[in-house]
Amino acid sequence: MRGRAAHPASPVANVAFVAGRLDQVVELCTSLAAGCRAGGRLRLLPFALNHLAYTQVVTGHHRDARDNAVEGLQIASDTGQTHPAAGLHGQLAWLAAVEGDEQRCRPLAEAGVGSAAATGPRP
């Protein structure tokens, strides 16, 4: 996010993910999302929920992943954040694919591509 510092848990969560410390990533991203909520940082919250949901899919916590991705998508949509909305659509599409739900997967993937195309490349 331009002009504002990210939550300190964000880079640590990225390093923990690369190191395969997925339980730590879930804990850090949960803390990051809670900090965003408590601080009223709605512009950062969809990103935090996306990272949390991604890790929850990888660790097999699909229901939690879906809940967090849906919440992040709703906030991103309500606040006009097309970039995180595209990622969260993709997150939900991936989850549907993992669960073998093609009927849910395809429209979510198409919505993600549509959001990404509307946003264009990020600098």
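Start at 1 with the first residue, then count along the sequence.
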### Message
Check this for me: Gln24, atom CD, are more than 12 non-hydrogen atoms of other residues, nucleotides or ligands nearer than 6.0 Å?
### Response
yes
### Task
Determine the minimum heavy-atom distance between Ala76 and Ala85, stating which atoms define it.
CB-N, 3.9 Å
### Task
Nearest 0.5 Å please: distance from the CG atom of Leu108 over to the CG atom of Leu88.
11.0 Å
### Task
State plainly whether one hydrophobic cluster holds both Leu32 and Phe47, where clusters connect Ile, Leu, Val, Met, Phe, Trp and Tyr through side-chain heavy atoms under 4.5 angstrom apart.
yes
### Query
Can you find a heavy atom in the side chain of Glu99 that is under 4.5 Å from one in the side chain of His62?
yes
### Single-linkage hydrophobic cluster, 4.5 Å side-chain cutoff, Leu95 and Val58 together
yes
### Task
Decide if atom CZ of Arg37 counts as having more than 12 heavy atoms of other residues, nucleotides or ligands within a radius under 6.0 Å.
yes
#### Entry: Closest heavy-atom pair and its distance - Ile75, Leu49
CD1-CD1, 4.4 Å
### Query
Under a 4.0 Å N-O cut-off, is there an ion pair linking Arg66 with Glu71?
no
### Summary
Tightest non-hydrogen contact, residues Thr55 and Leu22, listed as CG2-O, 3.7 Å
### Task
Verify, without hydrogens or angle tests, whether Gln91 (side chain) and Asn50 (backbone) share a donor-acceptor contact under 3.5 angstrom.
yes
### Task
For Cys29 and Ala48, work out which heavy atoms get closest and say how close.
CB-O, 4.4 Å
#### Entry: Backbone N/O of Gln81 and side chain of Arg43: donor-acceptor pair under 3.5 Å
no
### Query
Would a 4.5 Å heavy-atom cut-off, applied to side chains only, mark Leu73 and Pro46 as touching?
no
### Message
Quick one: does any side-chain atom of Thr59 pair with a main-chain N or O of Gln56 as donor and acceptor, under 3.5 Å?
### Response
yes
### Sequence neighbours excluded - ring-ring contact (aromatic ring centres under 6.0 Å, His included) pairs with any residue from residues 88-111
Tyr54-Trp94
### Query
What distance separates Thr30 OG1 from Asn68 CG, expressed to the nearest 0.5 Å?
7.0 Å
